[in-house]
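Throughout, a chain's letter reflects where its sequence line sits, starting with A, and its residues are numbered from 1.
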Amino acid sequence: MKSKLIQLLNDALSKLIADKALPEIELPEIQIERTKDKAHGDFACNIAMMLARPAKMNPRQIATQLVDALDDVDFITKVEIAGPGFINFTLSPDSMLQIIKDVLAASDKFGLSKVGNGKKVQVEFVSANPTGPLHVGHGRGAAYGSVVSSLLIAAGFDVHREYYVNDAGRQMDILATSVWLRYLADCGEEFVFPSNGYKGDYVLDISASLKESKGTDLRRAAADVFANVPDDEPQGGDKETHIDGLINNAKSLLGEQAYRQLFDLGLNSILSDIRADLADFGTEFDEFFSERSLMETGVVDDAIEKLKASNVLYEKEGAWWFKSTDYGDEKDRVVVRDNGQTTYFASDIAYHLNKLNRGFDTVIDIWGSDHHGYIPRVKASLTAMNQDENRLKVLLVQFAVLYRGKEKAAMSTRSGDFVTLRELREEVGKDAARFFYVLRGADQHMDFDLELAKSQSNDNPVYYVQYAHARVCSVFRQLAERGLSWDKAQGEAALSRLTEEHEQALMGMLARYPEIIEAAALNHTPHILAHYLMDLARDFHTYYNAHHFIVDDIELSQARLSLITAVKQIIENGLTVMGVSAPETM
RNA sequence: GCGCCUGUAGCUCAGUUGGAUAGAGUACCAGUUUCCGAAACUGGGGGUCACAGGUUCGAUUCCUGUCAGGCGCGCCA
């Protein structure tokens with residue numbers, strides 16, 4: 001509809017210029033917007049005001065000439081000039097009714113768009129270190145990423161969803177060592193657990209399974225395990241060197257093969273837990289991409305060679321540095337440490353190069369806002385390797401600050417003191433949790449009150465939307481009980497009977513859905529879809545309370561049933577995009 | 001100190017690329033059920049859009065500065 005209006009106005013403008021009623025100036029892009037106030041018609045255009053300055057004319061005068069030059073079309077009943085020079089359009093009743101037929105015809109396909117034009121987009125999200133179960137902080141990224149992906153799919157993009165598994169770094173060594181130490185304690189060894197080790201209960205589960213499969217094969221004397229290990233922090237030492245010493249002893253006491261088995265046990269246990277958790281949260285991935293595979297297949301080394309060849313690496317104090325300051329970063333960054341090991345950053349350079357080489361038109365990374373400082377160096381590395389950095393888009397998700405009532409809740413994977421995503425899901429349900437997460441803009445710092453989410457889950461807006469859907473279903477159950485039925489053809493033939501204000505409002509709402517999907521997808525703002533669904537549900541509930549759908553006037557009844565079927569369809573479509581169910585009863 | 005994000009009703013937040021009288025939920029107050037589900041609806045009060053300048057027909061929106069809060073500034077991942 002917007003494009004039809006733009007076409008109409010463009011024709012009129014060129015007519016005016018041809019008639020020399022307007023000077024020959026560069027025309028700005030015509031903007032059409034839906035009016036907030038029904039008194040201003042259905043659509044408004046501000047072109048006359050935008051032209052006022054360049055044309056050196058009074059905006060209302062331009063508007064008057066423009067309106068006179070407009071072609072007559074059947075879908076517009078009224079054109080008015082208002083305020084400082086707005087041109088307001090009112091749609092004809094027939095064109096309003098068309099939306100119901102469109103929704104019913106397209107059903108679950110209604111709202112799908114082709115703006116994406118099949119372009120390949122990769123979306124990487126969650127990518128939490130597999131050192132422990134997902135906690136509620138990861139939930140926001142999971143919900144946001146999966147809805148952004150679904151929106152892009154709905155908008156016609158070819159989407160590949162990916163989870164980057166950090167299965168190669170020191171954190172994983174700490175996990176493996178933590179598991180081993182718990183196992184040793186289980187075997188009867190006595191020692192103090194390192195302050196920097198992973199203390200969560202899930203580590204005990206893994207060590208128990210290790211004991212079950214290996215018996216005491218991996219038992220070593222505590223004295224050997226702690227031999228030559230520097231003091232831990234509580235003893236006045238440093239927690240980092242302490243744990244590193246333990247890791248080294250673990251490797252030498254167990255041997256490479258047994259250590260690797262231990263390492264993989266920890267990794268695989270936690271990763272499979274994460275995958276199951278995400279699946280239950282309605283968050284699907286097309287691929288789990290391993291950091292270790294990048295190293296083992298030489299992709300990291302290749303990337304470093306590429307940077308060396310581009311002459312953007314230099315050696316200092318035994319390490320290799322990337323000159324990221326040449327590309328606007330604050331300081332240069334190490335890619336190869338003085339001990340010869342590549343850094344996490346080196347893996348990430350390789351990973352991003354790999355992504356671009358896989359042929360995605362756009363690569364989207366969804367990161368927690370605490371990683372924002374990382375963006376300049378990654379982009380710098382891409383530019384240095386002659387890649388177009390604009391193909392990488394980084395979307396930041398601000399932290400969800402957890403509260404228990406008025407109190408801030410602590411959250412740390414290391415200490416094991418956190419609410420897991422699984423716990424949250426079991427308490428409030430997948431639907432409520434997802435809706436709650438996506439309800440706010442990603443750049444909004446979110447207050448997540450666990451008390452509210454858990455105890456007052458009935459106040460969660462998701463039920464308001466789902467209830468609207470269930471209510472429509474209920475009407476049809478009632479219809480069947482009375483031995484009546486809805487006839488689509490009969491209903492569509494009688495649509496002109498829908499003259500109530502509530503019905504007009506609802507139809508206007510339905511017509512907005514495709515625009516919402518497109519805007520939410522292109523701007524990566526799923527929360528506008530959530531808000532739209534609440535608005536639609538509100539209009540429906542209001543309508544429900546004001547009028548009956550099953551009435552003696554058959555034509556009217558059939559027309560109304562057609563309208564609420566369309567409403568039900570769009571709620572279902574929208575909730576599906578959000579990964580939230582649309583129940584028939586509640 | 002530098003960088004990113006934020007500041008809108010008591011609280012939690014919307015406010016589309018600058019538009020007409022700044023909205024919703026919640027909380028509070030008062031109402032609505034012989035009739036399709038009251039998890040709903042109707043009405044009411046509640047605002048210096050953090051503050052100060054600037055840009056223009058027009059600013060909650062864009063620019064600059066100040067204040068306040070969150071996060072980040074490793075040869076960690």
In whole Å, measure the gap between the [atom1] atoms of [N] and [M] for me.
N	M	atom1	result
B:G18	B:U61	C1'	6 Å
B:U55	B:C73	P	40 Å
B:G58	B:C11	P	33 Å
B:A59	B:U17	C1'	15 Å
B:G72	B:C28	C1'	41 Å
B:U33	B:A27	C1'	25 Å
B:U60	B:C71	P	31 Å
B:G70	B:C75	C1'	29 Å

Exercise. Which is true for A:Thr542 with a 4.0 Å heavy-atom rule: it touches a base, it touches only sugar-phosphate, or it touches nothing?
Worked result: sugar-phosphate
**Asked** Heavy atoms under 4.0 Å, any strand shown: does A:Met534 hit a base, just sugar-phosphate, or nothing?
**Response** nothing
Can a side chain N or O of [X] be found less than 4.0 Å away from OP1 or OP2 on [N]?
X	N	answer
A:Lys331	B:C2	no
A:Arg337	B:A77	yes
A:His527	B:G15	yes
A:Tyr467	B:C41	no
A:Arg60	B:C57	no
A:Gln444	B:A14	yes

#### Entry: Position toward the 5' end of RNA chain B (nearest nucleotide), A:Arg482 or A:Arg377
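Nearest-nucleotide comparison on RNA chain B picks A:Arg482.
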State whether the distance check finds a donor on one side and an acceptor on the other, under 3.5 Å, for side chain [X] versus base [N].
X	N	result
A:Asn46	B:G19	yes
A:His371	B:G72	no
A:His541	B:C41	no

As a test of your reading of the structure, name each stem of RNA chain B as range with range, where a stem is three or more consecutive Watson-Crick or G-U pairs at under 3.5 Å.
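Stem segments, range with range: B:1-7 with B:67-73, B:10-13 with B:23-26, B:28-32 with B:40-44, B:50-54 with B:62-66.
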- [ ] Please say which of A:Lys393, A:His352, A:His371 ends up in a side-chain hydrogen bond (donor to acceptor under 3.5 Å, both in side chains) with A:Asp365.
- [x]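 In the set A:Lys393, A:His352, A:His371, the residue that makes a side-chain hydrogen bond (donor to acceptor under 3.5 Å, both in side chains) with A:Asp365 is A:His352.
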So if I take every side-chain heavy atom of A:Trp321 and compare against B:C75, B:A77, B:A38, which nucleotide ends up nearest?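 In terms of side-chain proximity for A:Trp321, the closest of B:C75, B:A77, B:A38 is B:C75.
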Next on the checklist: Do A:Arg512 and A:Tyr532 form a cation-pi contact, if we require the NZ or CZ to be under 6.0 Å from the six-membered ring centre and within 45 degrees of the ring's axis?
Outcome noted: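 Here A:Arg512 fails the 6.0 Å and 45° test against A:Tyr532.
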Exercise: do A:Thr565 and A:Trp486 side chains pair donor with acceptor under 3.5 Å:
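No, A:Trp486 and A:Thr565 have no side-chain donor paired with an acceptor closer than 3.5 Å.
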